[in-house]
Structure formats: C-alpha cells, structure tokens
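Let me begin by presenting the structure, written as structure tokens, before commenting on it.
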Amino acid sequence: MRAVNVSVNSPMAVKLSIRISFGALLALYLGTGIAALSAGGYFTHTEENSRRSIIVTKNVIVLLFVAGAYIILNAIVGVIAGLSPLSRKRWLQAYVWLIGITIIVETVAGIWLWLRTLNIGDLYGHNWRHLWSDNFKRSFQDSGQCCGYLGPLDGPVMSSPSCQLQADLLFGCMTSVQKYAQSYLTYIYSGVFVFVFMSLGAMVSGMVLLIIRNDEERWRWARANAIFRSMEKSAPGSPITEKYRTASPDQSP
C-alpha cells in the first residue's frame, strides 16, 4: 500500500536526526560485513603450515566470506529502504528481519567460540594426536622448546631440535598450545560480540525508523480521509471524491 501524498507537512514526519542515526548505524553494520570479507581474504593467504591455521580453518574462512556477503547484501537492502522509508515499508521490514537473523547467528557463534576456550586442553590434545600434521606439531615444539603434547612420549616429532635435549629437560607442548589457542579464540569471540552490538544498534535504528514512518503514514491517511469527508459533504458523488474513496486504505489491496 502506497502512502498518501498530502501537501501539508506531517507533524509525524521522519526527522533528519533519525535519518542520520539510521545511516550511521547502517554504515557500522556494513563495516562488519566488509571486515568479515577482509578477514576471510587475509586468512586465505595464511601459509599451510602456519600455526594460525589450527584456529582459522578453511571452513571458518568460508563462513567469513558467506557472512560478509550476507551482511553487505542486507546493508544494501537497508540503503534502499532508507532512501525513501515512507514508500518502501517492505524493504525496511526485510532489513530489520534480516539483521535479526544476523544477530542470532553471531550470538550463537560467539557463545560456541567462548565454550571452546573452556575445553582447549582436551580438544587440542585430540587434534595433536590424531589430526595435526608433523609440520604443525613441529612449529609448536620449535617455538615453545617442548616435545610432544603431554611429554616426549605423547605424539612427538623427533626431528625437532627441542626433542634432542636430555630426557629430564623435556616437557610437553600442552601449555604452549593452550596459550596460543586461548589468545586467538579470545580475540575472535570478543570481535564477534562487538559485531553483535553493532548489528543490534542497526536493528534498533531500523525499528525506530519503521515505527516513525508508520505513524506518518497513518497521519497522512487520516488527513486524506478528513479531506475526502469534507469534499464529500460539499460535492457528493463528484469524480474527485470517488478518487479519494478508491484510494482509501480500507478499500486498497
């Protein structure tokens, strides 16, 4: 349903400050999508044997690209809606609902990452013994001057110089792995929750704009109906009053 166009300015009209706030929060939301795509592109160039690859896997990189593209498309919907909120109600509604989906997904991802930090010891112990290549394990052994996960008998890479020390000087790499994973995961889930708050701000601004444009639309319809009733009294059955009658929201599709 199109909004009625009346010549007198509505007291419920969308204020400039509301539009600026909507645009600023929309820009921040768009920035999260660009950041996700940029992070995906950056991690794509990660060396195969880099320790970072044990945290940011190929699946994570794919999710970053998908999330970034989704957020950018969602922001484009918001831009289209924001240019003319009075006549693009459905675009504005879609923008708000799509951000809601983003917030749910980001919140679940942040909680999941946080829970992983609580189980780092068991998780990466299994990965060390069964999943990681010798190159990964050796990078931890060389940087941490350790051998194996719990000790030199727990999945060591004997070619590493750190495993050539005397047996009583050897210790496992569990602490080194946990510190590395903890620091990376903390940065990641903290960033995700920052994105959640930015998305929430954009959603709230979209909801406020939607409420205000609905109020303005109702005011315009009320004014149009008042004009119609006054014209109907003065000239019942005229073509002009019939035009207003057919444009009434009660009879429009």
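Values reported hereafter were calculated over all heavy atoms of this structure, with side chains retained and with hydrogens, waters and symmetry mates removed.
Grouping the Ile, Leu, Val, Met, Phe, Trp and Tyr side chains by contacts below 4.5 angstrom, directly or via other members, places V96 with I212. Grouping the Ile, Leu, Val, Met, Phe, Trp and Tyr side chains by contacts below 4.5 angstrom, directly or via other members, places Y42 with I72. I211 and L200 sit in two unconnected hydrophobic clusters of ILVMFWY residues. Membership requires side-chain heavy atoms under 4.5 Å apart, directly or through other members. Follow the hydrophobic side-chain contacts under 4.5 Å out from L209 and you reach W91 in the same cluster. Grouping the Ile, Leu, Val, Met, Phe, Trp and Tyr side chains by contacts below 4.5 angstrom, directly or via other members, places V194 apart from L26.
Sorted by first then second residue, the salt bridge (charged side-chain N to carboxylate O under 4.0 Å, His left out) pairs that include residues 146-160, not counting sequence neighbours, are R129-D154. Within the structure, salt bridge (charged side-chain N to carboxylate O under 4.0 Å, His left out) pairs that include any residue of residues 173-191 do not occur (at least two apart or interchain).
Cluster partners of V62 are V66, counting Ile, Leu, Val, Met, Phe, Trp and Tyr whose side-chain heavy atoms approach within less than 4.5 Å, directly or via other members.
Distance check, rounded to the nearest 0.5 Å: CG of N59 to CG of L64 gives 11.0 Å. To the nearest 0.5 Å, atom CG of residue L115 and atom CG of residue L185 are 11.5 Å apart. In this structure, I188 CD1 and L113 CG are separated by 6.5 Å, a value rounded to the nearest 0.5 Å. Put simply, CG on L25 and CD1 on I99 are 9.0 Å apart, with the number rounded to the nearest 0.5 Å. The OG atom of S199 lies 11.5 Å from the CD1 atom of I104; values are rounded to the nearest 0.5 Å. The distance from the CG atom of L92 to the CE atom of M207 is 10.5 Å, given to the nearest 0.5 Å.
Checked against a 6.0 Å centroid threshold, the rings of F140 and F136 do not count as neighbours. Taking the six-membered ring for Trp and the full ring otherwise, the centers of W132 and Y124 sit less than 6.0 Å from each other.
At least one donor-acceptor pair closer than 3.5 Å links the side chain of Y70 to the backbone N or O of L98. Looking only at distances, a side-chain donor or acceptor of W128 sits under 3.5 Å from a matching main-chain atom of G155. With N214 contributing its side chain and L210 its backbone, the two residues share a donor-acceptor pair below 3.5 Å. Looking at D134, its side chain never comes within 3.5 Å of a backbone N or O of V157 through a donor-acceptor pair. Proximity of a side-chain donor or acceptor of R19 to a complementary backbone N or O of G82 within less than 3.5 Å is detected.
Each of T107, V105, I101 was checked for a side chain to side chain contact (heavy atoms under 4.5 Å, CB included) with I103, and the lone residue meeting it is T107. Each of P161, P152, P156, S176 was evaluated against Q141; a single residue qualifies, P156, per the side chain to side chain contact (heavy atoms under 4.5 Å, CB included) test.
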Output a table of donor-acceptor pairs, distance under 3.5 Å, between side-chain atoms of residues 31-40 and any protein atom two or more places apart or on a different chain; print 'none' if there are none.
{"from": "T32", "atom 1": "OG1", "to": "Y29", "atom 2": "O", "distance (Å)": "2.5"}
{"from": "S38", "atom 1": "OG", "to": "I34", "atom 2": "O", "distance (Å)": "2.8"}

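Nearest approach of G110 to Y189, heavy atoms of both residues: O-CB, 3.9 Å. Considering all non-hydrogen atoms of both residues, E106 and I71 come closest at OE2-CD1, 3.9 Å. Residues V77 and A94 share a closest heavy-atom pair of CG1-CB, 4.3 Å.
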- request: Could you please spell out the steps behind the disulfide (SG to SG under 2.5 Å) verdict for C147 and C173?
  value: CA-CA 6 Å; C147 185; C173 297; over 6 Å; no
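Every ring pair (Phe, Tyr, Trp, His ring centres under 6.0 Å) that F22 has, sequence neighbours left out, goes to Y95. R138 meets the side-chain hydrogen bond (donor to acceptor under 3.5 Å, both in side chains) test with D142, S159; sequence neighbours excluded.
Under 3.5 Å, the side chains of S84 and S87 contain a donor-acceptor pair of N or O atoms.
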